Amino acid sequence: MLTMALLRQDPEGVKKKLHRKHFAPVEIIDYIIGLDDRRKKLQSDVDNLLAQINAASKEIGQLMAKGQREDAEAKKQAVAGLKDQLQPLQNEQTQVEQELHDELVKVPNLPADLVPDGKAAADNLVVKEGGTKPVLAQKTPHWDLIKQYDLIDFETGAKLTGSGFPLYKGKGAKLQRALIQYFLDHNTDAGYLEYIPPYMVNQASAYATGQLPDKEGQMYHITADNFYLIPTAEVPVTNIYRDTILKPAELPVKMTAYTPCFRREAGSFGADVRGLNRVHQFDKVEIVQLVDPATSYQVLDEMVAHVEKLLVDLELPYRILRLCAGDMSFNSALTYDFEVFSAAQEKWLEVSSVSNFETFQANRMKLRYKEESGKTQLLHTLNGSSLALPRIVAALLENNQTPEGIKLPKVLHRYFGSEMI
RNA sequence: GGAGAGGUGCCAGAGUGGUCGAAUGGGACGGUCUCGAAAACCGUUAUAUGGGCAACUGUACCGAGGGUUCGAAUCCCUCCCUCUCCGCCA
């Protein structure tokens, strides 16, 4: 959620940036400012009446204490009159505040200056490529390799739950465990504090990180208890600090968590969903940072480098994209996507997305810090995947296939317990 | 799941209708003292929002939401959460 202060300070600048994000109804900005004007006026009026009522009530108390009942009764009448005026104003105030809020949460975050113009994925900017694409004698796609080595049983997963719920088995299961542990170690070595959060969150949490109200349909909803299955660890982990004011000495807050992630991905179909390319439940290790606004872009670069190191060590061909304004998520000010090349499918697969949200999430969740001067300020929040597992597994299998088996990168040997599948 | 108790400021904890943004203690911060420190003493120490250049000042806020009342931390209702005991259980 953008801050009202920003909208008021530079409405035209805000509109310009929204244009870049292809957010059409920019008139809404003027409308919102108008609502805010009304809100202020109403609050003044309401506060005035309340002040009068409070003063009168105090007098009534004093009159009663002195035994001047009749004077007290007269005052009560006067207060009743004030309350009649108050009621409609308060109703309007609540309604205006509600509407203001409802409109404000529909406005996406503004793209940072670095964000390239563009509408869709094709306009994203490749800022770096690394690793080398393997030359394969045989290009068996991962879904066939999975069968061949008996790593994942999709059919039984579908029997247990539904399609898109993989049943990992044997070495397939162990590979998940190895990757998760490797990723977490990499993160905790870099100073991230490890958490195991709940895998379901309440409405307030889903709202605070921006999944609600706009992405309601993409989450699994436990209606009996009104909980949502988390689509990413970002939700519970960032919410740890919802509604808190941190001291400068506590910054930066660096957190990491492994969780399964649940996504309904309603409406997706076609070739993209084969094998591990897109599933309803998958494993992911996430990193989250809460930082001083002055440092957030430097931190973003650090996080990008941190994730990149994983891909280098996994010996996968990768590229880093700076997302264009039109392809960025609702919440983000600047996002880098990581893709690995899956050599049999001959496709780039997204395995991580690292973003700076600036104050957008912090404003929603009232996440602040107190400056030395005593002033409270919104923090910047950042997060990234380090990493999402399924597509990493797809690329590892496809890129490292040999007639003798799947050769695992060195970094995994210790975690997996052997060098080959 | 059943029974009981309770949710108050950074923490502990008082407050059961007005004089309560809230006693008291602790912590933190600033000051006095000191070569320095400790102790002692003095002071400061929520948040949101309106008005104001500011000093300052209005309003809201004692788990959340409603209600009663001229007036609610305090009374009533609903919900959420915590603790204790019982039941069940990995």
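Please read these numbers as outputs of a predicted model, since none were measured by experiment. Reminder, nothing fancy here: chain letters follow the sequence lines and each chain counts from 1.
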Nearest-angstrom distance from the residue atom NZ of A:Lys76 to C1' of B:G17: 13 Å
Its dot-bracket string being built from Watson-Crick and G-U pairs below 3.5 Å, with | for another strand and [ ] for crossing, RNA chain B has the pattern ((((((((.[[[..)..(.....]]]((((((.......)))))).(((((....)))))..[[[[[..)....]]]]])))))))....
Contact nearer the 5' end of RNA chain B, comparing A:Ala55 with A:Asp36: A:Asp36
Respond yes when some side-chain nitrogen or oxygen of A:Lys370 is under 4.0 Å from OP1 or OP2 of B:U47, and no when none is. yes
Is A:Ala56 touching bases, backbone alone, or none of the nucleic acid, heavy atoms closer than 4.0 Å? nothing
Does B:U47 have OP1 or OP2 sitting under 4.0 Å from an N or O in the side chain of A:Arg368? no
Does A:His186 have its ring centroid less than 6.0 Å away from the ring centroid of A:Tyr192? no
Can you measure A:Lys83 atom NZ to B:G71 atom C1' for me and round it to whole angstrom units? 9 Å
Just say parallel, tilted or perpendicular for the rings of A:Phe165 and A:His280, cut-offs at 30° and 60°. tilted
Taking the P atom in each of B:A23 and B:C11, what is the distance between them to the nearest angstrom? 15 Å
Considering only atom P, compute the distance from B:A64 to B:G7 and round it to an integer number of Å. 13 Å
Looking only at atom C1', what distance separates B:G71 and B:G13, rounded to whole Å? 27 Å
P-based separation of B:A72 from B:G63 [nearest Å]: 15 Å
Gap between atoms CG and C1', on A:Asn202 and B:C80 respectively (whole Å): 10 Å
Applying a 4.0 Å non-hydrogen cut-off, can you work out what A:Lys40 is touching in the nucleic acid: base, sugar-phosphate, or nothing? sugar-phosphate
Between P of B:A48 and CE of A:Met1, the distance in whole Å: 13 Å
OP1 or OP2 of B:A60 sitting under 4.0 Å from any side-chain N/O of A:Asn54? yes
Mind calculating the distance between CG (A:Leu246) and C1' (B:A46) to the nearest angstrom? 15 Å
Indicate, with a heavy-atom threshold strictly under 4.0 Å, whether A:Ile53 touches base, sugar-phosphate, or nothing. nothing
Across the strands shown, which category fits A:Ile60 at heavy-atom distances under 4.0 angstrom: base, sugar-phosphate, nothing? base
Results of side chain to side chain contact (heavy atoms under 4.5 Å, CB included) for A:Gln377 - residues two or more places apart only: A:Tyr369, A:Glu371, A:Lys375
Rounded to whole angstrom, note down the P distance from B:G65 over to B:A12. 22 Å
Would you indicate, yes or no, if B:U49 has its OP1 or OP2 atom less than 4.0 angstrom from a side-chain nitrogen or oxygen of A:Ser44? no
Does A:Arg39 make a side-chain N or O approach to OP1 or OP2 of B:U49 shorter than 4.0 Å? no
What's the NZ-P distance between A:Lys366 and B:A48, to the nearest Å? 9 Å
Using the P atom in both, what is the distance from B:C62 to B:U19, to the nearest Å? 15 Å
Within this structure, what is the CD-to-P distance between A:Gln77 and B:U69, rounded to whole angstrom? 13 Å
B:G71, B:G58, B:A60: which one has an atom nearest the side-chain heavy atoms of A:Ala51? B:G58
Starting from the 5' end of RNA chain B, give me the residue, A:Gln43 or A:Gly61, whose nearest nucleotide shows up first. A:Gly61
Determine yes or no for a side-chain-to-main-chain donor-acceptor pair under 3.5 angstrom, with A:His413 supplying the side chain and A:Leu408 the backbone. yes
Mind calculating the distance between CG (A:Leu86) and P (B:C70) to the nearest angstrom? 14 Å
Once the angle between the rings of A:His221 and A:Tyr228 is folded into 0 to 90°, is it parallel (under 30°), tilted (30 to 60°) or perpendicular (over 60°)? parallel
Ring centres under 6.0 angstrom apart (A:Phe360, A:Phe330): yes
Salt bridge check: are A:Asp45 and A:Lys41 linked by an N-O gap of less than 4.0 Å? yes
Can you tell me how far the CD atom of A:Glu250 sits from the OG1 atom of A:Thr244, to the nearest 0.5 Å? 8.0 Å
Looking only at atom C1', what distance separates B:G17 and B:U74, rounded to whole Å? 7 Å
Under a 4.0 Å N-O cut-off, is there an ion pair linking A:Lys15 with A:Asp30? yes
P atom, B:C20 versus B:G52: distance in rounded Å? 31 Å
